[in-house]
2 protein chains.
Amino acid sequence: MTSPALDIALAYHHAWTGKDFEKAMTHVADDIVCHAPAGKLSGAEAFRGFMGPFTEILTGSNLLSAFGDETTALLMYDTATLPVPSAPGAELVTVRDGKIVELRIVFDRAPFDAARAAAAGV
Amino acid sequence: MTSPALDIALAYHHAWTGKDFEKAMTHVADDIVCHAPAGKLSGAEAFRGFMGPFTEILTGSNLLSAFGDETTALLMYDTATLPVPSAPGAELVTVRDGKIVELRIVFDRAPFDAARAAAAGV
């Protein structure tokens with residue numbers, strides 16, 4: 001089964017995990033709606049402010065699974081980051097006209113919170 | 001595309017989200033390995049100790065996406081729970097001989113930690 005949505009989702013994924021966040025953003029619609037653990041982000045600039053900093057602490061990634069159909073794709077991956085050695089995530093991506101218009105991301109904020117607290121000497 | 005793994009993953013999913021955890025466990029192999037946010041759990045009893053209590057605080061669920069192939073399935077869902085009104089999760093399920101032998105679950109522990117701290121008056 002070919003999946004146009006999965007093609008876009010993987011192009012986006014490979015760009016940001018390859019640390020080319022600007023290339024990743026070329027797959028993102030201006031009016032993207034992102035459902036992140038901290039809440040809803042509307043628009044490409046809000047999305048950039050969320051995902052951009054993450055790619056800067058990224059040190060490795062491993063795509064665990066990826067499926068898709070005509071309009072949606074679902075991915076799970078593991079990442080290695082500077083503060084957290086294993087930070088898996090999952091993304092449900094909706095594509096329209098070749099761009100990502102909606103992205104729901106699930107990951108565990110707890111180890112990032114713990115790393116931040118440790119760094120702050122709490 | 002039919003997916004034997006997705007059939008099992010959905011049977012498991014519908015059972016636990018329907019609050020019939022014992023029925024859900026009939027789809028779980030005795031030697032299941034579960035990769036959870038807090039670490040690796042080995043065996044059905046360890047898995048039961050992790051997922052069982054969660055189903056007791058569950059008040060609702062919404063399957064957002066589900067895909068699968070011969071041996072693996074990938075699901076994303078939202079749940080409503082007593083302490084956390086929206087707690088989405090994703091599961092990558094591996095099936096062998098009709099049973100779930102590996103399950104990687106991603107969800108955000110942060111709101112559960114916050115709810116626990118609030119309940120403890122921290």
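A note on names: the letters A, B, ... follow the listed sequences, proteins ahead of strands, and every chain is numbered from 1. As the structure is a computational prediction, the values presented were derived from the model and not from experiment.
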Close approach to chain B in residues 98-106 of chain A, criterion heavy atom under 4.5 Å: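 Those residues of residues 98-106 of chain A which have a heavy atom under 4.5 Å from chain B are A:Arg104, A:Val106.
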Measure the spacing between [atom1] of [X] and [atom2] of [Y] and express it to the nearest 0.5 Å.
X       : Y       : atom1 : atom2 : value
B:Thr81 : B:Ile57 : OG1   : CD1   : 4.5 Å
A:Leu10 : A:His27 : CG    : NE2   : 10.0 Å
B:Leu74 : A:Phe67 : CG    : CZ    : 6.5 Å

Atom NZ of A:Lys19: over 12 foreign heavy atoms under 6.0 Å: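 Counting neighbours around NZ of A:Lys19, more than 12 heavy atoms of other residues, nucleotides or ligands fall under 6.0 Å, so yes.
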Parallel, tilted or perpendicular: ring planes of A:Tyr12 versus A:Trp16, cut at 30 and 60 degrees: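 A:Tyr12 and A:Trp16: tilted rings.
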Selection residues 33-61 of chain A - residue pairs positive for salt bridge (Lys or Arg N to Asp or Glu O under 4.0 Å), sequence neighbours left out: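 Sorted result for residues 33-61 of chain A: A:Glu22-A:Arg48, A:Glu45-A:Arg48.
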